[in-house]
Amino acid sequence: MIREYNPKSIEEKWQKIWAEDSVYEASNNSDKEKYYILVEFPYPSADGLHVGHARPYTALDIVARKKRYEGYNVLFPMGWDAFGLPTENFAIKNKIHPKIVTENNVKNFKKQLQSIGFSFDWSREVNTTDPEYFKWTQWLFLKFYEKGLAYKKEMPINWCTSCKIGLANEEVVNGACERCGGEVVQKVKNQWMLKITEYADRLIDDLDDIDFLNSVSTQQKNWIGRSFGMNVNFTIKDKDEKLEIFTTRPDTLFGSTYMVISPEHPIIEKYRTDIKNIEEIEKYRQEASKKSDFERTELVKEKTGVKIDGLQAINPANAKEMPIFVSDYVLMTYGTGAIMAVPGHDERDFEFATKFDLPIIEVVEGGDVTKEAFTNTEDGILVNSEFLNGLNVKEAFDKMADWLEEKALGERKTNYKLRDWVFSRQRYWGEPIPLVNCDTCGWVPVPEDQLPVELPEVENYQPTDNGESPLAEIHDWVNTTCPKCGGHAVRETDTMPNWAGSSWYFLRYIDPKNNEEFASREALDYWMPVDWYNGGMEHTTLHLLYSRFWHKFFYDLDLVPNPEPFNKRTAHGMILGEGNVKMSKSLGNVINPNVIVDEYGADTLRTYEMFIGDFEKSAAWSENGVKGARRFLERVWKLQENVVDGNEYSKGLEISINKTIKKISHDFDNLKFNTGVAALMELLNEFNKQDKISKKDMETYLQLLNPVAPHITEEIWDNLELGGRLYNAQWPSYDESKTVENTIDMPVQINGKVRATVTIARDADKEELKAKALEEENVSKFLDGKQIVKEIFVPGKIYNIVVK
RNA sequence: GCCGGAGUGGCGGAAUUGGCAGACGCGUUGGACUCAAAAUCCAAUGGUAGCAAUACCGUGUGGGUUCGAGACCCACCUUCGGUACCA
């Protein structure tokens with residue numbers, strides 16, 4: 001008689017053994033082939049671990065365990081992305097130092113993660129807020145500075161007019177301050193920028209060489225938004241002034257009937273005395289400054305704008321005069337901040353032209369421009385366009401481009417939606433930017449031997465009421481000497497964004513205790529690139545793109561061996577609350593994984609989260625589903641009673657076993673954990689139809705289930721004395737010839753509807769099958785008095801008879 | 001708005017990628033065990049009609065391609081992620 005299944009004692013027992021035996025520590029000196037598996041490290045919030053964290057961690061833990069059984073030297077590390085706004089706000093609210101808050105949260109997270117039995121290599125744990133870590137974040141930032149990729153620029157921040165502090169986008173709700181409801185305006189500040197745009201082309205082109213989820217690559221490409229077009233110089237009438245626009249459609253130049261410039265365009269200031277309605281324009285500009293780019297470019301909202309009274313533009317193609325408007329749907333941050341409007345072939349221009357009663361000219365045939373903009377012009381032919389008439393759009397593009405370039409009126413230009421990265425934050429809880437501003441030398445980097453620049457102690461973590469970081473108030477920290485000339489200098493008081501530490505953390509895992517370098521070149525050569533990186537879709541265009549950018553830059557400096565950090569990127573779906581709603585504190589439906597571990601066990605939590613649904617899609621939590629997973633493990637536990645000695649397959653199970661090994665091996669490598677667990681359940685159901693199970697089959701079963709439920713399988717392995725430890729075992733192999741039955745049930749269709757199923761040899765030919773099918777009453781019934789027009793026979797799949 | 005996903009029984013989901021829709025699990029119903037309950041075990045379970053064999057309907061909506069569509073094409077609806085200072 002076996003004892004009762006008691007997950008609590010089993011799980012604690014094995015977690016202790018794994019830790020004592022250092023089972024999951026990866027070696028930097030191994031003859032084995034390496035495999036580097038990375039999961040996004042969590043932000044350790046005060047709320048603690050979420051069941052949503054456990055899903056991807058369990059999934060990649062399964063992959064890691066399987067890879068180890070297959071003989072790889074696996075690196076599967078974990079750490080903490082701990083700088084950031086929520087911790088700072090928590091600290092302010094509860095009057096606790098953010099460092100202490102972080103320490104507590106990390107402690108809690110770590111305990112929670114460890115109780116679920118992940119095979120992380122804890123000896124390589126990193127923390128972005130640890131000075132020993134951010135010393136290297138600062139060092140790497142200085143490389144950007146040295147190479148001219150970090151520069152200062154006037155950029156707007158959200159400014160609450162009543163709290164008098166800068167706000168994150170998240171803290172602005174419908175244009176008002178989240179805390180006090182006060183009005184939020186854009187305030188310009190001189191900030192550090194990183195020139196990610198310099199890598200735009202490579203960030204797109206190199207996607208072809210790596211195995212990213214299709215939707216991820218597409219989204220990165222669209223985010224970078226490369227478009228090939230032209231910069232074209234329009235002129236302003238009676239002024240010696242060019243007004244440069246960017247267009248992807250120089251072929252439609254003859255259809256341009258007016259111009260639109262962004263409210264921030266410098267031409268307004270320059271010619272303010274010529275502009276008769278300057279007051280009206282200033283007022284419009286004021287209104288526009290309150291809106292986000294998002295609001296400004298919405299297609300549904302009604303277009304607004306003001307005509308500039310006093311300035312006329314001239315179309316370089318035909319010297320025609322046209323009016324200039326100011327409108328907020330043109331952004332200063334994209335292109336040149338000015339456009340030529342072609343209302344016949346652009347939706348927004350059409351809408352604007354209709355509203356302001358401007359002429360609309362058709363220049364590509366195929367639509368009806370009196371009714372709507374004709375934009376699908378791929379196959380169209382040019383009209384009303386002088387020397388372009390009769391050409392197709394592509395030819396017209398080239399001809400116009402050549403013509404403009406010849407006359408020096410414009411040049412071919414590639415434009416990107418991607419903007420440079422604003423790298424300054426006016427916050428306390430981030431890495432100090434390691435630069436000082438010297439009275440005589442200007443910006444000077446803090447020398448390497450003085451890194452890290454640590455955060456000073458402050459009383460108050462709130463940003464100051466003049467928009468500066470709280471660090472600006474700490475005068476004895478701010479005032480320093482210039483490392484270059486020894487004169488007076490002041491420290492930069494802005495800190496780095498949260499994205500800084502997470503842009504390179506996977507490099508530090510490789511050599512986490514190195515005091516000389518961020519990681520040794522030898523270790524980087526061995527481990528990089530990451531073989532498999534899994535994370536959330538929500539990180540596609542920020543974190544994932546930022547870390548690719550940093551890595552490419554380091555590659556150019558020969559700091560890392562590969563141009564891409566991640567070979568493969570997959571993404572998991574979110575876990576929602578019961579009834580498919582988001583888990584949130586306000587709804588009170590947040591599930592704490594520890595409650596599940598305590599009540600049902602870690603193996604149950606793991607099994608349930610893998611079985612909950614397609615790993616890549618979101619799935620709703622269900623307490624009954626958890627119970628189902630526990631029931632499954634209880635049945636596995638009970639299976640011990642039926643095991644008998646034997647090195648043969650149990651009666652009639654040869655094919656089932658081979659089939660299941662094949663399916664699970666495939667499923668675990670392809671994120672199909674839900675069907676993998678289902679296959680284990682099916683095999684268990686087959687086992688339970690037998691009186692006895694051979695030790696050999698039980699051994700196979702435990703190996704297959706082990707990556708999902710490592711504790712219970714290790715315990716049963718030990719109970720049945722199957723030899724040594726399961727964690728030292730090898731992944732089971734299968735015999736391909738034993739994965740299929742010799743006879744199959746073939747569906748027989750009449751006109752595409754299944755009318756019968758016949759059992760027949762797998763390799764039977766059409767005639768054999770037809771003869772057998774016609775014996776079926778339900779087949780002959782439908783053929784009676786009809787004529788066979790066609791027969792479709794797909795061996796092993798279907799037989800369809802078409803009758804008339 | 002723009003970019004990228006998703007929509008299948010009462011519920012979570014499966015479907016070898018164009019070939020028997022609903023695997024597996026949950027729930028429900030009936031039965032066994034029990035003084036009783038829980039747990040466990042057995043059976044049934046998309047809808048309609050039928051004693052049954054079986055027939056018809058059925059994968060968000062409307063069209064289309066095909067011998068055959070959950071899967072492909074066109075148009076739409078709903079919903080989720082991102083939208084650059086949440087991480």
Side-chain angles (χ1 to χ4, degrees), chain A residues 40 42-43 45 81 83-86 157-158 166-172 196 214-216 218-223 225 292-301 329 333 348 417-422 424-427 497-499 502 536-543 545-546 571 573-574 576 578-580 582 608 611-614 616-629 631-632 634-635 638 663 666 672 674-675 677-682 685 688 745-757 777-778 781 789-792 794 796-803:
Chain A
E40 285 171 344
Y43 180 79
S45 70
D81 183 19
F83 275 129
L85 198 60
I157 59 167
N158 300 308
L167 299 175
N169 286 347
E170 199 189 45
E171 299 172 297
V172 181
I196 188 172
N214 245 322
S215 53
V216 171
T218 310
Q219 231 175 305
Q220 290 206 341
K221 277 181 199 161
N222 291 342
W223 177 260
S292 65
D293 288 358
F294 175 92
E295 290 170 296
R296 285 171 54 164
T297 51
E298 259 185 312
L299 206 56
V300 285
K301 67 137 205 192
Y329 78 92
T333 48
R348 282 178 305 184
K417 286 209 184 84
L418 183 71
R419 306 199 293 259
D420 277 341
W421 174 5
V422 184
S424 288
R425 298 291 184 273
Q426 294 71 46
R427 293 280 174 177
N498 168 271
W499 308 112
S502 61
M537 276 310 285
E538 69 274 18
H539 292 116
T540 301
T541 53
L542 298 179
H543 159 67
L545 198 64
Y546 290 152
M574 281 209 313
L576 305 169
E578 305 226 11
N580 263 310
K582 213 174 186 171
Y608 173 63
F611 188 60
I612 191 170
D614 184 340
E616 302 188 66
K617 290 185 200 151
S618 58
W621 189 262
S622 151
E623 183 88 25
N624 278 326
V626 177
K627 286 182 189 156
R631 268 205 284 265
F632 162 63
E634 294 273 4
R635 284 201 292 265
K638 259 202 208 139
K663 175 155 181 65
H666 174 267
K672 301 277 179 201
N674 52 338
T675 51
V677 172
L680 285 164
M681 289 173 170
E682 281 176 78
N685 291 343
N688 280 333
D745 292 334
M746 272 283 272
V748 178
Q749 296 184 330
I750 313 284
N751 286 350
K753 287 203 177 199
V754 179
R755 295 303 178 186
T757 309
E777 196 199 337
N778 211 38
K781 188 169 99 188
V789 190
K790 198 174 177 181
E791 290 169 78
I792 289 111
V794 184
K797 292 216 166 149
I798 201 112
Y799 177 49
N800 186 15
I801 307 171
V802 186
V803 295

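Side-chain atoms are counted along with the backbone in the values below, which use heavy atoms only and exclude waters and symmetry mates. Convention: sequence-line order gives letters A, B, ...; per-chain numbering from 1.
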Give me the distance, rounded to whole Å, that separates [N] from [M] when you measure between the [atom1] atoms they each carry.
N      : M      : atom1 : value
B/rG70 : B/rA21 : P     : 9 Å
B/rA15 : B/rA6  : P     : 14 Å
B/rC56 : B/rC76 : P     : 35 Å
B/rA14 : B/rA71 : C1'   : 14 Å
B/rA36 : B/rG47 : P     : 32 Å

Are there any protein N/O atoms within less than 3.5 Å of an N/O atom in nucleotides 47-55 of chain B, and if so, which ones and at what distance?
from, atom 1, to, atom 2, distance (Å)
B/rA55, OP1, A/R755, NH1, 2.9
B/rA55, OP1, A/N778, ND2, 3.3

Mind calculating the distance between [atom1] ([X]) and [atom2] ([N]) to the nearest angstrom?
X      : N      : atom1 : atom2 : value
A/R419 : B/rC2  : CZ    : C1'   : 13 Å
A/I196 : B/rC85 : CD1   : P     : 11 Å
A/E171 : B/rA87 : CD    : C1'   : 13 Å
A/Q220 : B/rG82 : CD    : C1'   : 12 Å
A/K797 : B/rA15 : NZ    : C1'   : 12 Å
A/W421 : B/rC85 : CH2   : C1'   : 12 Å

Assign [X] to base, sugar-phosphate, or nothing according to its heavy-atom contacts below 4.0 angstrom with the strands shown.
X      : result
A/S424 : base
A/P497 : nothing
A/L418 : base
A/I801 : nothing
A/H543 : nothing

Side chain of [X] (C-beta onward), nearest among [options]:
X      : options                : value
A/P747 : B/rA87, B/rC20, B/rC86 : B/rC20
A/M574 : B/rC85, B/rC20, B/rG81 : B/rG81
A/I612 : B/rA14, B/rC85, B/rG12 : B/rG12

(message) Let me confirm one number: the NZ-NZ distance from A/K663 to A/K672, rounded to the nearest 0.5 Å.
(response) 8.5 Å

(message) Please enumerate all residues that pass salt bridge (Lys or Arg N to Asp or Glu O under 4.0 Å) together with A/E171, with sequence neighbours excluded.
(response) A/R179, A/R427

(message) Checking A/E634 now: which residues fulfil salt bridge (Lys or Arg N to Asp or Glu O under 4.0 Å) with it, not counting sequence neighbours?
(response) A/R630

Can you give me the N/O atom pairs linking the protein to nucleotides 3-6 of chain B at distances under 3.5 Å, or say none if there are none?
from, atom 1, to, atom 2, distance (Å)
B/rC3, O3', A/N222, ND2, 2.6
B/rC3, O2', A/N222, ND2, 3.0
B/rG4, OP1, A/N222, ND2, 3.3
B/rG4, O2', A/Q219, OE1, 3.4

(message) On RNA chain B, does the nearest nucleotide to A/L85 precede the nearest nucleotide to A/A620 from the 5' side, or the other way round? Give the residue.
(response) A/A620

(message) Please compare A/K417 and A/N498 by the position of their nearest nucleotide in RNA chain B and report the one closer to 5'.
(response) A/K417

[X]: partners by side chain to side chain contact (heavy atoms under 4.5 Å, CB included), with sequence neighbours left out:
X      : value
A/A620 : A/N580
A/T757 : A/D745
A/D614 : A/E616, A/K617, A/N674

(request) Not counting sequence neighbours, which residues clear ring-ring contact (aromatic ring centres under 6.0 Å, His included) with A/Y799? List them please. (result) none

(request) Considering non-hydrogen atoms only, spot the tightest contact between A/Q219 and A/T541 and give its length. (result) O-CG2, 4.0 Å

(message) Can you confirm if the aromatic rings of A/F83 and A/W499 lie within a centre distance of less than 6.0 Å?
(response) no

Report all interatomic pairs (protein N or O, nucleotide N or O of nucleotides 24-27 of chain B) with separations under 3.5 Å.
from, atom 1, to, atom 2, distance (Å)
B/rG25, OP1, A/N685, ND2, 3.3
B/rC26, OP1, A/R631, NE, 2.9
B/rC26, OP1, A/R631, NH2, 3.0
B/rG27, OP2, A/R631, NH2, 3.2

(request) Could you summarise the pairing of RNA chain B as dot-bracket text, marking Watson-Crick and G-U pairs under 3.5 Å with ( ) or [ ] inside the strand and | across strands? (result) (((((((..(((......[....)))((((((.......))))))((((....))))..(((((..]....))))))))))))....

Distances under 3.5 Å only, N/O to N/O: pair up the protein atoms with those of nucleotides 61-67 of chain B.
from, atom 1, to, atom 2, distance (Å)
B/rC67, O2, A/N800, ND2, 2.4

(request) Go through the N and O atoms of the side chain of A/Q426 and the base of B/rC85, and report whether any donor-acceptor pair is under 3.5 Å. (result) yes

(request) Could you check if the base of B/rU40 is syn or anti? Syn means the glycosidic torsion is within 90 degrees of 0. (result) anti

(request) Using the test side-chain hydrogen bond (donor to acceptor under 3.5 Å, both in side chains), find all partners of A/N778 that sit at least two apart in sequence or belong to another chain. (result) A/K781

(request) Tell me, with the steps shown, if A/V216 and A/M537 meet side chain to side chain contact (heavy atoms under 4.5 Å, CB included). (result) CA-CA 7 Å; A/V216 171; A/M537 276 310 285; 3.7 Å; yes

(request) Ignoring backbone atoms, establish whether A/R425 has a side-chain N or O less than 4.0 Å from OP1 or OP2 of B/rC85. (result) yes

(message) For a quick test of reading the model: is some side-chain N or O of A/K582 closer than 4.0 Å to OP1 or OP2 of B/rG81?
(response) yes

